[in-house]
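Protein chains get the first letters and strands the later ones, always in sequence-line order, with residue 1 at the start of each. This structure is a prediction, so every number in the text was calculated from the model and none was measured.
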2 protein chains.
Amino acid sequence: MRVTIKDVAQAANVSVSTVSRVLSNKENFFASKTADHVRKVAADLGYQRNAYAADLASHQSDVLAVVISATKSNFADEIIAGIHDVATKNGNSVMILYAGENNPTLQDKAIKTVIERDVMGVLIVALELGDESLSSLKTSGIPHIFLSTAAKENLGPFIASDDHAIGYEATKYLIEHGHHKIGLVGMDEQSFVGTQRMTGYREAMAEYGLAVNEDWLVPGYFTFEDGETAMAHFGKQPEVTAIIANSDLTAIGVIDQARDYGLEVPAQLSVMSIDGTKLTRIFRPTITSVTQDFFQIGRAGCAALLNDDNEPIQSKFLPIKIVERNSTRQL
Amino acid sequence: MRVTIKDVAQAANVSVSTVSRVLSNKENFFASKTADHVRKVAADLGYQRNAYAADLASHQSDVLAVVISATKSNFADEIIAGIHDVATKNGNSVMILYAGENNPTLQDKAIKTVIERDVMGVLIVALELGDESLSSLKTSGIPHIFLSTAAKENLGPFIASDDHAIGYEATKYLIEHGHHKIGLVGMDEQSFVGTQRMTGYREAMAEYGLAVNEDWLVPGYFTFEDGETAMAHFGKQPEVTAIIANSDLTAIGVIDQARDYGLEVPAQLSVMSIDGTKLTRIFRPTITSVTQDFFQIGRAGCAALLNDDNEPIQSKFLPIKIVERNSTRQL
DNA sequence: AACAATAACACAAACGTTTGCGTATACTTG
DNA sequence: CAAGTATACGCAAACGTTTGTGTTATTGTT
């Protein structure tokens with residue numbers, strides 16, 4: 001039997017309500033002398049609060065849920081770190097739930113869990129939620145926000161980078177460095193992220209009056225292997241002089257495969273990645289990237305959720321920047 | 001107002017107990033006809049169970065907690081995937097809590113959370129728990145297990161790789177490939193993992209009658225930067241012909257720095273890593289490693305916790321293997 | 001036909017908190 | 001000094017479930 005508030009009350013010769021108020025620091029409800037006494041007794045008895053009971057009685061939980069894809073990408077850590085950074089300062093607990101990879105069953109289960117636990121908010125990270133899951137989440141009324149993810153307007157509030165801008169800026173950078181034939185690797189045509197980036201790419205090309213060969217667009221996801229196979233598609237004598245990869249891992253796949261073909265990066269082929277995680281700095285050559293600030297995305301998302309003025313949460317884009325490293329060169 | 005079991009009972013014209021039993025599938029307590037009816041009404045009303053109330057009343061939760069360091073290492077993902085694999089099949093929820101990096105405050109908070117929530121078990125991943133946290137966990141009586149972590153005997157049950165064997169096997173491999181002067185990089189002398197690996201290293205060296213120069217042992221942790229600075233310590237003309245790094249990232253740090261010194265790996269220096277995560281396959285040269293099966297560690301740990309024959313949990317080592325890649329050569 | 005046994009359900013207590021309200025006591029104020 | 005007002009605390013209901021123990025019908029047995 002665990003020691004409860006009741007035991008503490010009895011031992012301290014006060015009522016349970018007093019113990020409750022002391023232990024949860026409801027100011028102006030007790031004399032500091034009583035408080036000290038109660039706290040001491042509680043400590044002596046080894047009292048541990050039962051969070052379930054508390055949440056049940058108070059109708060509010062202090063836990064934030066992060067629903068995340070069992071992502072092959074590697075920026076989730078940074079987002080989570082950002083979330084923890086502000087959650088911790090605010091005294092909230094964070095629970096993380098994996099929702100698999102395009103796995104509606106697991107998604108439903110994760111969403112069901114957050115609803116059953118009536119968490120105070122949920123952050124959906126790098127995940128396009130299925131319609132089913134999304135609508136249960138919406139009807140539950142639990143505040144939620146999408147982080148770094150497909151942000152079709154009707155989805156709900158999001159904090160992310162502007163994927164259109166990402167595609168546009170990357171392309172523009174390469175064009176301005178003399179590249180006219182630019183490959184785009186790993187974009188998922190089914191996803192919002194992918195199509196946005198592709199549109200940005202096309203816009204930049206058009207703006208500079210450059211034709212796009214559809215053969216330069218090799219779809220895929222965010223994996224290393226997608227980079228490898230895409231480069232295999234381009235072959236040993238690629239028509240393109242530069243490639244934009246959908247993630248750091250994908251870029252590495254491209255570079256590895258290029259190397260296997262005897263192609264020097266960046267001497268014979270420039271490769272640029274999207275994300276700019278630590279991988280771009282430890283890999284050789286270091287990889288020029290469109291860098292997103294994932295830590296800030298996490299921070300901003302958490303802050304938005306915690307911000308309790310009851311205005312609806314504002315969606316926003318966080319700035320991206322291009323970081324020049326050694327995988328690209330001026331033509 | 002959320003719809004409760006009471007509302008369902010009223011709408012279905014049965015008692016709350018019946019609804020409860022139907023919805024939680026307590027066999028032999030109701031007619032299947034009633035059950036169908038109740039389930040339909042519940043669905044129509046959009047009933048969502050309140051997990052807090054249920055856990056409170058039944059004194060048992062179905063959530064498994066994973067306490068993890070905000071790890072700079074990168075194998076945690078695989079362990080978590082393994083945990084999820086068996087937890088999901090078993091119908092358990094998993095919540096992940098970050099406990100920072102050697103941060104007693106965060107550790108305490110994480111442990112406090114799992115105790116307050118009275119989870120059914122906790123998996124401590126790659127984390128040496130402070131005495132304070134450990135003893136609260138122990139007195140709480142919550143089943144727990146350490147995964148891939150410092151496993152001093154008195155800590156409690158663990159599932160991990162045998163760090164002594166890791167140090168020993170890595171060293172032996174290099175010796176048998178003709179290396180006599182072998183560096184050991186990134187071992188933390190304060191940690192059990194580090195000292196075990198060092199002991200294994202020394203034993204292998206002694207076994208082959210090789211002297212150890214203390215200068216070859218460069219302490220550190222598991223980071224990329226530790227690899228870089230260690231290699232800087234060895235300098236442009238290292239005395240050692242091979243280096244064992246404490247993690248894949250550390251190995252990459254070593255190789256990058258070596259390359260900056262104009263040293264070819266493996267032509268002029270062999271580098272071997274411990275862990276064998278995906279990094280060793282995407283980096284060039286691919287990295288020979290002592291490979292741990294983190295996914296299985298996760299699976300085994302979770303299974304051990306869930307296994308409810310009430311014998312105490314058995315500690316065990318999972319096998320390691322050496323995977324030869326391109327960062328080492330025969331001398 | 002009488003009775004026991006079982007199936008199907010309802011009642012109500014319990015889980016450990018929080019919190020609105022009530023009530024003494026002590027302290028102001030005119 | 002009476003009346004009003006804080007202050008400090010206790011009482012008890014409520015939160016939404018689970019579950020042990022009744023309480024009826026229904027079925028089976030002799």
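- For Lys112(A), the salt bridge (Lys or Arg N to Asp or Glu O under 4.0 Å) partners at least two apart in sequence or on another chain are Glu116(A).
- Between the side chain of Ser148(A) and the backbone N or O of Ala126(A), no donor-acceptor pair lies under 3.5 Å.
- Look at CZ on Arg2(A): it is 9 Å from P on dG16(C), rounded to the nearest Å.
- A heavy atom lying under 4.0 Å from DNA chain D marks none of the residues of residues 110-118 of chain A.
- Under the 6.0 Å distance and 45° angle rule, Arg21(B) counts as a cation-pi partner of Phe29(B).
- A salt bridge is absent between Lys40(B) and Asp36(B); no separation between the charged side-chain nitrogens and carboxylate oxygens falls under 4.0 Å.
- The closest side-chain heavy-atom distance from Ser191(B) to Glu128(B) is below 4.5 Å.
- Contact annotation: the side chain of Asn103(A) never approaches that of Tyr98(A) to less than 4.5 Å [non-hydrogen atoms, C-beta and beyond].
- Shown here is Gln10(A), whose CD atom has no more than 12 heavy atoms of other residues, nucleotides or ligands within 6.0 Å.
- Within residues 40-63 of chain B, the residues that place at least one heavy atom under 4.0 Å from DNA chain D are, in residue-number order, Tyr47(B), Gln48(B), Arg49(B), Asn50(B), Ala53(B), Ala54(B), Ala57(B), Ser58(B).
- Rounded to whole Å, atom P of dT19(C) lies 11 Å from atom CD1 of Ile5(A).
- Taking the six-membered ring where tryptophan is involved, the planes of Phe158(A) and Phe317(A) are tilted, since the angle between them lies from 30° to 60°.
- Each end of the helix from dA1(C)-dT30(D) to dG30(C)-dC1(D) yields a helix axis from five base pairs, and these two axes differ in direction by 40° (to the nearest 10 degrees).
- A donor-acceptor pair under 3.5 Å links the side-chain atoms of Gln107(A) to the main chain of Gly130(A), judged by distance alone.
- Annotation: Tyr221(A), atom OH; neighbour count of heavy atoms from other residues, nucleotides and ligands within 6.0 Å does not exceed 12.
- The nearest whole Å value for the distance from the NZ atom in Lys6(B) to the P atom in dG16(D) is 8 Å.
- For the salt bridge (charged side-chain N to carboxylate O under 4.0 Å, His left out) condition, the pairs that include at least one residue of residues 56-65 of chain A, sequence neighbours left out, are Asp62(A)-Arg117(B).
- Scanning residues 26-39 of chain B for heavy-atom distances under 4.0 Å to DNA chain D yields Lys26(B).
- A 4.5 Å side-chain heavy-atom check between His144(A) and Ile142(A) finds every atom pair outside the cut-off.
- Here Thr4(B) does not reach the OP1 or OP2 of dG16(D): none of its side-chain N or O atoms lies under 4.0 Å away.
- Here dT7(D) presents its P atom at 15 Å from CZ of Arg21(A), a figure rounded to the nearest Å.
- Only one option out of Ile124(B), Ile80(B), Val67(B), Leu123(B) pairs with Leu147(B) in a side-chain contact (heavy atoms from CB on, under 4.5 Å); it is Leu123(B).
- Using a 4.0 Å heavy-atom cutoff across all strands shown, Ser17(B) reaches at least one base atom of the nucleic acid.
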